[in-house]
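Contents: one structure, followed by commentary.
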2 protein chains.
Amino acid sequence: MREVTGPLLDIGDEAPNPQQLGAYFTLMEAVSLLQHQVEQQLRAEGDLSSVQFQILTSLAAANGRLTMTQLADGVVYSRSGLTYQAGLLERAGLITRGPNPEDERATLVTISEKGLALVNRILPGHIKVVRRLLLEPMSDDDLHHLGDIMTRVRDHMRAQPPRSAAPRKRSPRSDSPPRATATTDTAGGGEASE
Amino acid sequence: MREVTGPLLDIGDEAPNPQQLGAYFTLMEAVSLLQHQVEQQLRAEGDLSSVQFQILTSLAAANGRLTMTQLADGVVYSRSGLTYQAGLLERAGLITRGPNPEDERATLVTISEKGLALVNRILPGHIKVVRRLLLEPMSDDDLHHLGDIMTRVRDHMRAQPPRSAAPRKRSPRSDSPPRATATTDTAGGGEASE
DNA sequence: CTCTGTTGCTTCGAAGTCGAAGCACTACCG
DNA sequence: CGGTAGTGCTTCGACTTCGAAGCAACAGAG
C-alpha cells in the first residue's frame with residue numbers, strides 16, 4: 001500500500017495537456033452512454049442489436065446490396081462476427097445472401113422488403129433518441145464544428161496505416177471501395193434536404 | 001427485389017437535417033475506429049483489454065480505491081461483467097478486493113503497486129495512440145470546442161432519466177418493470193484530467 | 001494450362017458480455 | 001426486537017465476439 005497525496009497517474013513525456021486528455025475521456029464516456037441508450041431503444045422497438053441495425057442501414061443506404069467485405073468495412077466489425085450476424089438476420093428474413101455474379105467467391109447481401117420495412121419502422125425512434133441525447137444540448141454551431149472535426153478525424157484514421165505492420169499481408173483499404181459505406185450520409189439522401 | 005432510384009431510407013417526421021445525421025454517424029464511426037486501435041495497442045503493450053485499462057485508470061484517478069458500483073458506473077459497464085474482469089485483474093495481481101469497513105456488503109477494490117506500475121508503463125503508449133489518431137488532426141480550437149461539447153452532452157445524458165422509470169426507492173408498489181440501465185449517479189470516478 | 005499467391009467468406013474454439021436470479025447485509029417501520 | 005424493503009455484489013446460463021484455421025474462387029507468371 002501507499003500513502004498517496006499526489007496523483008497516482010504519471011503521464012510520460014508525451015504528456016498532452018489536461019484539456020486534451022479531458023476531451024478524450026469525456027468523448028469516450030459520452031459515446032459509451034449514447035451507444036448504451038441506443039442499444040436499449042433498438043432492442044425495445046425492433047428487437048435488433050446495434051450491429052444488426054447498422055448492417056441494415058448500411059445496406060439500405062447502398063441501394064440494398066453489398067458484399068460481406070464492404071459491409072464489414074463500413075461497420076468496423078470482424079468478418080466472422082458479421083457472418084454470425086448475417087446468419088441471424090437471414091434467419092429472421094430481413095436479408096438474403098446470394099452469389100455475386102461478378103465474383104463467385106463473394107457473397108452478395110441484399111436487404112429484403114421486410115428488412116427495409118423494419119428499418120423504416122424503427123428509424124424514427126432511433127433518431128428521436130439521438131436527437132434527445134446528443135443533438136439537444138448542441139447548438140447549430142456546435143453541430144457544424146463537431147461534424148467537421150469528426151469527419152477530419154475519421155478520414156485521418158482511415159488513411160493511417162495499420163501501424164506495426166500486419167503479421168502477414170494487409171489489404172490496402174485505401175482506394176478499393178470508395179465510400180461504399182456512405183457513412184457520412186447513411187440516411188442522408190432523403191428529402192430531408194433543408 | 002426492387003429497382004430503386006431514390007433513397008430506400010425514409011426518415012420520419014422527426015427528420016433532422018442531413019448535417020445532424022452526418023455528424024452523428026461520423027462521430028460513431030470515428031470513435032469505433034479509435035476504440036479498435038486503442039484495443040490493439042493496450043493488448044500489445046500490456047496485455048490488457050480496454051475495459052481492464054479503464055478499470056485500472058479509474059482506480060488510479062480515484063486515489064487507488066473504489067467500490068464495485070462506483071467502478072461500474074464510471075466505466076459504463078454491467079455489474080456482472082465488472083465482477084468477471086475484477087476476477088481476472090485480481091488473479092493477475094493488479095488489484096485486490098476487500099471488505100468495505102463502512103458498508104459490509106460492498107466490496108472495496110484497490111489497485112496494487114503492480115497494477116499502478118503497469119498503468120504507468122502503458123499509459124504513454126496509450127496516449128501516443130490517442131494523440132496520433134485523434135488529436136493530430138485537430139487544432140487547439142477544435143479541441144476546446146470538442147471538449148466543451150462533449151462535456152455538455154455527457155452531463156446532459158447523465159441527467160436524463162432512463163426513460164422507463166427505474167424502481168427507485170419511491171415506489172410504494174414496485175411492479176419491477178424491465179429496467180434498462182443503472183440509474184445510480186455515483187459521480188465518484190472522475191477522469192484522469194491532470 | 002497449371003502452379004502459386006491472394007482474396008472472400010465461413011467454421012471453430014475460446015473468451016467476453018449481459019440480464020436474471022440469488023445471497024448477504026443495511027435501513028426503515030411498527 | 002422482528003419484518004420487509006432496498007442495496008451491493010456474485011453466480012449462472014445464454015448469447016455474442018474475435019482470431020485462427022480452413023475452403024473455394026480469382027489472378028498472374030511461366
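Rounded to whole Å, the distance from CD1 on A:I55 to P on C:dC9 is 13 Å. Distance CG (B:L48) to C1' (C:dG16): 15 Å, rounded to an integer number of Å. Counting to the nearest Å, the P atom of C:dC9 and the CG atom of A:L71 are 9 Å from each other. If you take CZ of A:R91 and P of C:dT10, they are 14 Å apart, rounded to a whole angstrom. If you measure from atom CD of A:Q37 to atom C1' of C:dC18, you get 16 Å, rounded to the nearest angstrom. When the C1' atom of C:dG19 is taken as reference, atom CD of A:E39 falls 13 Å away, rounded to whole Å.
Each of A:T96, A:L66, A:L59, A:L89 was checked for a side-chain contact (heavy atoms from CB on, under 4.5 Å) with A:V109, and the lone residue meeting it is A:L59.
Residues A:M68 and A:A86 share a closest heavy-atom pair of CE-CB, 4.1 Å.
In terms of the side-chain contact (heavy atoms from CB on, under 4.5 Å) criterion, residue partners of A:R43 (sequence neighbours excluded) are, by chain and number, A:D47, A:S49. Take B:S112 and apply the side-chain contact (heavy atoms from CB on, under 4.5 Å) test, not counting sequence neighbours, and it matches B:K114. Partners of B:E136 under the salt bridge (Lys or Arg N to Asp or Glu O under 4.0 Å) rule, at least two apart in sequence or in another chain, do not exist in this structure. With sequence neighbours excluded, the residues that form a ring-ring contact (aromatic ring centres under 6.0 Å, His included) with B:H126 are A:Y24, B:F53.
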For nucleotides 24-29 of chain D, tabulate all protein N/O to nucleotide N/O atom pairs closer than 3.5 Å, reporting atom names and distance.
residue: D:dC26; atom: OP1; partner: A:E104; partner atom: N; Å: 2.7

Identify each atom pair where a protein N or O and an N or O of nucleotides 13-19 of chain D are less than 3.5 Å apart, giving names and distance.
residue: D:dT16; atom: OP2; partner: A:Y84; partner atom: OH; Å: 2.1
residue: D:dT17; atom: OP1; partner: A:Y77; partner atom: OH; Å: 3.2
residue: D:dT17; atom: OP2; partner: A:Y77; partner atom: OH; Å: 2.6
residue: D:dT17; atom: OP2; partner: A:Q85; partner atom: NE2; Å: 2.4
residue: D:dT17; atom: O5'; partner: A:Y77; partner atom: OH; Å: 2.9
residue: D:dC18; atom: OP2; partner: A:S78; partner atom: OG; Å: 2.9
residue: D:dG19; atom: N7; partner: A:S80; partner atom: OG; Å: 3.1
residue: D:dG19; atom: O6; partner: A:S80; partner atom: OG; Å: 2.9

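An OP1 or OP2 oxygen of D:dT7 is reached within less than 4.0 angstrom by no side-chain nitrogen or oxygen of B:R79.
Counting only distance, with no hydrogens or angles, the side chain of A:R154 and the backbone of B:T26 share no donor-acceptor pair below 3.5 Å. Looking at B:H156, its side chain does come within 3.5 Å of a backbone N or O of A:R132 through a donor-acceptor pair.
Residue-level contact check: B:T107 touches the backbone only, with heavy atoms under 4.0 Å from sugar-phosphate atoms and none from bases.
A heavy-atom distance below 4.5 Å is found between the side chains of B:V51 and B:V75.
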